[in-house]
Every structure is written in structure tokens, then in C-alpha cells.
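As the structure lists them, so they are numbered: ligands from 1, and atoms in each ligand from 1.
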Amino acid sequence: MDPRDLSHHSPYVPGRGVEEVARELGIDRSELIKLSSNENPHGPSPAAVEAIHEHAERVNVYPKSSHTDLTARIAEKWDVGAEQVWVSPGADGSIDYLSRAALEPDDRVLVPDPGFAYYAMSARYHHAAVETYPLSIEDGFTQTAEDVLSAYGGERVVYLTSPHNPSGSVISHEAIRTVADATAESTLVVVDEAYGEFAEVESAIPLADERDDVAVLRTFSKAYGLAGLRIGYSVVPEGWGEAYARVNTPFAASELACRAALAALDDEAHVRESVDTARWARSYIADELDAETFDSDGNFVLARVGDGAAVAEAAQERGVIIRDCGSFGLPECVRISTGTREETREAVDRLNTVLAALEPGAEA
Ligand SMILES: *Cc1c(COP(=O)(O)O)cnc(C)c1O
């Protein structure tokens, strides 16, 4: 027998892993600079690593108080009610929880194109259909309420990404409010702030608190450096709080993930260093890379290089792993995550060599 018809579901295409590439090139992994998955180049917070060691011997028990403590800590951080904080395995887990809580079969969701693949994937798992609103490379992927509203047709969920992946553009509070005001009462506006810590703009979480139609996604995968642990959350309107117990996968946020997140939240120095480095590196890349780049508020920079796949391939041969944006529908672009200062300088240097060699008219 077979699974159900999954032909409308597209597989998620992750950035390539270091081991995978090192093995293929027959080199040591330490020779590679991996800038393909927007991970934290400083690693996890040392306090988080310590918390993992400290709690390792208690993983025979289901995570209960750690989950409660983390929820309370996040609620305190944002000054919202604990029931408004939905802790999940990554922000991706929160996307699923919101899909479960919001979507009936044949509902529709509205997502940005280009955009983060998982919004559509999750919607389809939950038997909903997917519509898109365009963000245009020609206006530098600026995000306006008009762009979203001109495509809006009563969808149940509208996704906004700020900072946007892969472009790095942000959307203002005013625009979020305009979208939420203009859409139907039954429409939930989800603001994905996976890269919120790196941005110069304020979080939209206060909007989720004051309104009944805005939810915000956050994660420990990026600025906090805990991508491998899978821990994130959403902040939902007050009236949605009660739904969590009905939709969450029991104990899906693991004991070690919750403990590490708690420790990471208190390690302000680690987040500050991570954010400082990303801000420095994104302007370094914009200034020094010999290609058109787009203003980014994230820990990555999108660059228009001509043939993104060819550039990513040639970069990899020089030990720099970057993201070819074909899977985002931007075949002429690559996305470069910010590394440490040393990695970023070295990567830009190697990328400029690649770009010069691939330029039309360059010697083959
Ligand atoms: C990385 C990312 C996420 C979620 O990542 P998790 O690891 O599941 O927390 C969500 N949205 C965007 C736009 C991302 O780039």
C-alpha cells in the first residue's frame, strides 16, 4: 500500500551540510566556511551548553517543569500572558500549531513569493491551499501593505516575514497594522520574526498582545545558536491561548532544548556578540562583494550574481558553502549567511575570485 497522494507537496530543500560537502570534495571540514543556513557562527551560548550537560542525566523524564519555566520566562521577557506563549520544536513547530489551530480543509493561506518554504508545506499538510503575493526584486523586495492586500482574497492566514528570508527586507508596524485592519475578521496575520534579533526594527509582539488577529513567530535557531536543538515559539492573541493544549504535540519541545533555551535567554552577552557580528558582516558583504546586494536586516545577504547555481557550485569548490536561491525562485541570486569577521572576510575574498572568473568574457 502507498502513502496518500503527496504529489502537491514539495520536499524541503535545506542548505548543504559541512560533512556532506567535505566528504564530496575530499577535504577536512575545518577547511570549509559554511554560510548556507543562516546559523550562528559563534556557536551556541556556553551557558546553554552547560545547561545541556547539567540536565543530560534527567532525560529519562518527560519535559514538564522546563517547558513551564521556559514559557513563563518568555512571557516575562515580552510582557504577555503565559498562555499566549506557544513553545514548539523550532518556529517551524509553531507554524504547524497555528495551522492546526486555524485551518479547516480547503481554507487558503497567503504567503510571500519568494519566501520561506515551510508556510506552504505546513498549510498543505493541513489540507489548505496556498496563494502567494509577489515581492519584487526590481524594488529591492520592499514589503508594503499594498503588495499584500492587492493579492489578498479572504485567506484564513496571511504570512509576513520580517526580516524576510531570503531578501532581508523588513515590514513596518504600520504596514502590519494596515494589513491586519484591512483583512477579514477571520484572517490571522502571522509575522515571522525568526531573524528579529538582528533587525533594527522593533518586534511586532506588542501587536499580538493588543489585537486578536496577529501572531508572531520567534526562534532560538538563529541569534541564540540552538538550531540543532529545535526550539522556538509563537506569541498568539489572548483569545487563542486556550487552543494550545488542543493542538500541540505533547512534549515536542525536548527537556534539553527547553533547558538550553532558558540558559540562552539569560546569556545576553552571547546574543549581543552574535547580533553585532551579523550587523558588521552584512554591511561588510554589501560593501565588499563584487555583486549587487539587497539591504538586509538579517544574518544573511542576498546577492544578484547572474547564475546563482554556477556561483554556488564554484564557491563550494573554493570551500565556501552558500545558498543557491533557485529553490526560492531566484535563480540569479545566492544567499550568503554572515560568518565570524574572519570567515566573512575570507569568504568575500574567495567569492570575488569566483565572480571574476565567471564574469562574461573572463578566461575559462
Ligand atoms: C529559520 C527560519 C524559521 C524557523 O526555523 P526553526 O529552526 O524551525 O526555528 C522560520 N522562518 C524563517 C523565515 C526562517 O528562516
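The two residues Ser337 and Ile285 have their closest heavy-atom pair at O-CD1, 4.4 Å.
The distance from atom CG of Asp192 to atom OH of Tyr119, rounded to the nearest 0.5 Å, is 3.5 Å.
Among protein heavy atoms, atom 11 (N) of ligand 1 sits closest to Asp192 OD2, 2.5 Å. Nearest protein neighbour of atom 8 (O) of ligand 1, counting heavy atoms only, is Arg230 NH2, 2.7 Å. Of all protein heavy atoms, the one closest to atom 14 (C) of ligand 1 is Lys222 NZ, 3.1 Å.
Of the heavy atoms in Thr161, only side-chain atoms (C-beta onward) come closer than 4.0 Å to ligand 1. Under 4.0 Å from ligand 1, heavy atoms of Ala91 appear from its side chain as well as its backbone.
Ligand 1 places these atoms under 4.0 Å from at least one heavy atom of Gly90: 6 (P), 8 (O), 9 (O). Shown in contact with Ala194 at under 4.0 Å from a heavy atom are these atoms of ligand 1, numbered in order with element: 2 (C), 3 (C), 10 (C), 11 (N), 12 (C), 14 (C).
Under a 3.5 Å cut-off, the side chain of Glu332 and the backbone N or O of Asp307 do not form any donor-acceptor pair. Checking side-chain atoms of Asn299 against main-chain N and O of Asn38 turns up a donor-acceptor pair under 3.5 Å.
Heavy atoms of His164 stay at 4.0 angstrom or farther from ligand 1.
Of the listed residues (Tyr224, Phe220, Tyr195), the one carrying the non-hydrogen atom nearest atom 15 (O) of ligand 1 is Tyr195. Summarising the contacts of atom 4 (C) of ligand 1 with Thr219, Ile231, Asp92, Asp96, the nearest heavy atom is found in Asp92.
Ring pair His67/Phe251: centre-to-centre distance not below 6.0 Å.
The aromatic rings of Phe198 and Tyr195 are tilted relative to each other, their planes meeting at an angle between 30° and 60°. Below 30°, between 30° and 60°, or above 60°: for Tyr125 and His9 the angle between ring planes is below 30°, a parallel geometry.
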